[in-house]
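Here is the structure we will look at.
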Number of protein chains: 2
Amino acid sequence: MAPSRPQTVAALLADTEPFKRLTPAQRQRLVAASRERRYAKGETVFREGQPADAVCIVKEGRVHLIKFLEGGQASTTCVMTPGETFCCLPALDRKPYPADAVAAADSVVVRVPTEAFHQLLQENPTFLQDSLCLFCDRLRQVEQKSCLAYDSVERRLAQALLGLSKKFGATVPLTKHELAELAHTTVETTIRILGHFRKQGLITSARGSTTISKPETLRRLAGL
Amino acid sequence: MAPSRPQTVAALLADTEPFKRLTPAQRQRLVAASRERRYAKGETVFREGQPADAVCIVKEGRVHLIKFLEGGQASTTCVMTPGETFCCLPALDRKPYPADAVAAADSVVVRVPTEAFHQLLQENPTFLQDSLCLFCDRLRQVEQKSCLAYDSVERRLAQALLGLSKKFGATVPLTKHELAELAHTTVETTIRILGHFRKQGLITSARGSTTISKPETLRRLAGL
DNA sequence: GGGCGTGTATGACGTGCGTCACAGAGTGTT
DNA sequence: AACACTCTGTGACGCACGTCATACACGCCC
């Protein structure tokens, strides 16, 4: 069997936006051009400012998109899980990657060359339309999120947990440190506030994971 | 002369993104469908959640895009000046307006019906491409900005001033209250920090405006 | 076993900035 | 002139949260 396992990749694409509505033949063209790569935990997939040579899809593991603020403080803007596509933005406007991408666990990533993606955009108005809608959604999300930035840490943490539970289910496999980077705060504050949540019976917490026991109450607390 | 002054509107469109590269005939079609309206200071152009019936271009005055946070606190996300187009997002995905738009001064706004805009998108791949690029830029901007949210108020104010000076020149005609809403802070803190800037000779300030005297130093302070 | 790195936890301390209270200066309106 | 309203400015106070120090539990490697 070939190391790139093309049939599996095709199945992955068939199930992820914006590739869902492509014909099998079109998908096959992308698959043929794309390559699969394994990243060890902590390894960098790409860096902010690099020319964007590929659109990426997570196949296994977990990849974090990270921005570095003034003073070197890391802030993860997004947690990508299997089946999620990231950075089609550069494929549309051919500008560099807007953030760092780092494997937060041992991961497998499918890389579709920007060229192939872009060519398909030109040829296929439906694909263009779908990509566009994906983008509009993303823009709305980001605008929404930038409003939450001014909430209290308690709220941001509650929202981070709820967002992650959509991807992972009730138990979220992130360390407190990773949660802190997501909620733009420090580990200490994160631990303290999760402590409050625990005392209220909203969550239970273990080494490397925290599980939500009362999502409703947490949602109220998050202001949603 | 007709009250909508079509020839002036055409000239306006010819000079603003994403309409620049349209042919005069195509622009004329948009102009014919669009309407000009005057808004008094404080008047609402549209509200968040309303169906988006028009793409708007500021012709005179100043329009603020405003989000209301939990607790009713207003936060202006964007200051639109003459020649700027706002809310093409809903024209692309046909979803509601994502924010309130309020005239911050007596203003004149050209409203291009979403339908006309959308139809042109379908017919004209170049126009679609240009709109797309405008969007990608906007997405990058917003992502950038959402990082700045976690900076100190001092930095956010410095950045707000510098950003505004690109549109208005050295003297920025906003009240301290408006600056506060832009930097997501309170009037009191804004006044205090502008006070520091003034003592350092970076700015001078008057009723309803502040003028930047040392943009370089301010830029350093803003971390840019 | 003993070291070492990482994740979790808790306390003490300082501070940026929001909140409240008050006041003068400018502008418009009757 | 008198009043109301907005804009600007200053001081006092409190609190959420960042910073620093310390400690213990767990896994990994020699």
Side-chain angles (χ1 to χ4, degrees), chain A residues 40-42 64 69-76 102 104-106 148-161 171-199 203-211 221-223, chain B residues 40-42 69-76 102 104-106 148-161 171-199 203-211 221 223:
Chain A
K41 176 176 173 177
H64 288 193
L69 312 179
E70 305 291 328
Q73 193 198 353
S75 145
T76 108
V102 174
D106 292 345
L148 308 181
Y150 301 96
D151 278 357
S152 68
V153 172
E154 187 174 66
R155 264 197 182 169
R156 299 205 303 265
L157 266 175
Q159 279 162 1
L161 283 174
T171 130
V172 172
L174 300 213
T175 66
K176 312 294 180 254
H177 183 79
E178 288 173 316
L179 285 177
E181 284 195 349
L182 248 180
H184 296 267
T185 181
T186 59
V187 206
E188 295 94 324
T189 306
T190 302
I191 290 173
R192 271 186 257 267
I193 290 182
L194 290 187
H196 302 165
F197 289 172
R198 192 160 9 95
K199 277 172 198 155
I203 62 166
T204 59
S205 118
R207 185 185 179 84
S209 77
T210 106
T211 105
L221 230 164
Chain B
K41 176 177 175 177
L69 312 178
E70 305 291 329
Q73 191 198 354
S75 146
T76 108
V102 174
D106 292 345
L148 307 181
Y150 300 96
D151 278 357
S152 67
V153 172
E154 187 173 66
R155 265 200 181 166
R156 299 205 303 267
L157 267 176
Q159 279 163 0
L161 284 174
T171 130
V172 171
L174 301 211
T175 65
K176 311 295 181 254
H177 183 78
E178 290 173 314
L179 284 177
E181 285 196 349
L182 247 181
H184 296 267
T185 182
T186 59
V187 206
E188 295 94 324
T189 306
T190 302
I191 289 171
R192 270 186 256 267
I193 290 182
L194 291 186
H196 301 165
F197 289 172
R198 191 162 6 97
K199 276 172 200 157
I203 62 165
T204 60
S205 118
R207 184 185 181 86
S209 77
T210 105
T211 105
L221 230 164

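Residue numbers begin at 1 in each chain, while the letters A, B, ... track the order of the sequences. We use all heavy atoms of the structure for the numbers below, so side chains are in, but hydrogens, waters and symmetry mates are not.
- Per the geometry, NE2 belonging to H196(B) stands 11 Å off C1' belonging to dC17(C), to the nearest Å.
- Note on G195(A): nothing from the nucleic acid sits closer than 4.0 angstrom, heavy atoms only.
- Interatomic distance, T211(B) OG1 to L161(B) CG, rounded to the nearest 0.5 Å: 10.0 Å.
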Between protein and nucleic acid, restricted to nucleotides 4-6 of chain C and to nitrogen or oxygen atoms under 3.5 Å apart, what atom pairs and distances do you find?
from, atom 1, to, atom 2, distance (Å)
dT6(C), O2, R207(A), NH2, 3.3

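- Residue R155(A) contributes atom CZ, which lies 11 Å from atom P of dC17(D) at whole-angstrom precision.
- Residue Q73(B) qualifies as open at atom CD: its count of foreign heavy atoms under 6.0 Å is 12 or below.
- Rounded to an integer number of Å, the gap from Q73(A) CD to dT19(D) C1' is 12 Å.
- Taking atom CG of residue D151(B) and atom P of nucleotide dC17(C), one finds them 10 Å apart after rounding to whole Å.
- With D106(B) contributing its side chain and K41(B) its backbone, the two residues share a donor-acceptor pair below 3.5 Å.
- Side-chain atoms of R156(B) and V153(B), non-hydrogen and from C-beta on, do get closer than 4.5 Å to each other.
- Distance, Y150(A) OH to dC17(D) P: 15 Å, rounded to whole Å.
- Nearest approach of A180(A) to V187(A), heavy atoms of both residues: CB-N, 3.8 Å.
- Pairing each heavy atom of G223(B) with each of E70(A), the nearest pair is O-OE2, 3.2 Å.
- Rounded to an integer number of Å, the gap from CD of E188(A) to P of dA16(D) is 18 Å.
- Using a 4.5 Å cut-off on side-chain heavy atoms (C-beta onward), T210(A) and F197(A) make no contact.
- Of all heavy-atom pairs spanning T190(A) and T186(A), the tightest one is OG1-O, 2.8 Å.
- For I193(A), the side-chain atoms get nearest to dC17(D) when compared with the rest of dG9(D), dC17(D), dG18(C).
- Checked against dC17(D), dG9(D), dC20(C), the side chain of R198(B) finds its nearest nucleotide in dG9(D).
- Rounded to an integer number of Å, the gap from F197(A) CZ to dA9(C) P is 14 Å.
- Rounding to whole angstrom units, CD1 of residue I191(A) and P of dT22(D) are separated by 18 Å.
- The residue E154(B) sits apart from the nucleic acid: no heavy atom pair falls under 4.0 Å.
- Contact between the side-chain N/O atoms of T189(A) and the OP1/OP2 oxygens of dG18(D) is found at a separation under 4.0 Å.
- Scanning residues 171-186 of chain B for heavy-atom distances under 4.0 Å to DNA chain C yields T185(B), T186(B).
- Using modelled atom types, no side-chain atom of E181(B) and backbone atom of E178(B) make a donor-acceptor pair closer than 3.5 Å.
- Residue side chain R192(A) reaches the base of dG11(C) through a donor-acceptor N/O pair under 3.5 Å, judged by distance alone.
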